[in-house]
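Take a look at the structure set out below.
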Amino acid sequence: MNVFRLTGDLSHLAAIIILLLKIWKSRSCAGISGKSQILFAVVFTTRYLDLLTSFISLYNTSMKLIYIGCAYATVYLIYVKFRATYDGNHDSFRVEFLVVPVGGLAVLINHNFSLMEILWTFSIYLESVAILPQLFMISKTGEAETITTHYLFCLGLYRALYLLNWIWRYYFEGFLDMIAIFAGLVQTVLYCDFFYLYVTKGGKDRKKVMLP
Amino acid sequence: KKANQTKDEL
């Protein structure tokens, strides 16, 4: 464990909690892409199946359970409890255009051709594009609530910190996982546009306007 | 191969 990975995990946890609390307290999921949240639930489910097969540490296991629990709770709030506030018209990204290519890529490019490894690879590739429906929705509505931008900032920051973690681990431990690094780069690049707007428009206006 | 180390990351 190193400082980049720890702050990355905490940033990821913060994002997940921020979103869950925002929906719960405002009793509304307006402006939130339910499709992205479903993709994240799939990402955690396919990646953390090893909860059933191996124990790494209390931290590892508890964080995985928290991530999975919050992901499904968020999906439940969006599609069941506050479904009346779900903005389905703007959440129109065709996720099959993500899931099918990612699934094919996971079968073609992986570290070894076993079910667990392919599911893990699928999860890594899917996570890198899972935020697209959310970013697409914001570009369609043209704005996002401030709290949503904080959620996206923490979520984007987490994988950027993981990139630093992989540099650290390569230098100190000789650890190298090109699949995770490649997907992490793609994931972080997708946020760059948002990062720029978040920093330049930070604090100026209540409703952050996002240029399409 | 290095990549096959145990998957200890989240």
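Chain letters run A, B, ... following the sequence lines, proteins first, then strands; residues in each count from 1.
- Neither the backbone nor the side chain of A:Phe44 comes within less than 4.5 Å of any heavy atom of chain B.
- Of all residues spanning residues 45-69 of chain A, those with a heavy atom less than 4.5 Å away from chain B's heavy atoms are A:Arg47, A:Tyr48, A:Asp50, A:Ile56, A:Tyr59, A:Asn60, A:Met63, A:Lys64, A:Tyr67, arranged by number.
- Atom-to-atom distance recorded for B:Lys7:NZ and A:His111:NE2 is 5.5 Å, nearest 0.5 angstrom.
- Sparse packing is recorded around OH of A:Tyr171, with 12 or fewer heavy atoms of other residues, nucleotides or ligands lying under 6.0 Å away.
- Annotation: the span from B:Glu9 atom CD to A:Phe175 atom CZ amounts to 4.5 Å, rounded to 0.5 Å.
- Note: A:Arg5 CZ to B:Leu10 CG = 7.0 Å, rounded to the nearest 0.5 Å.
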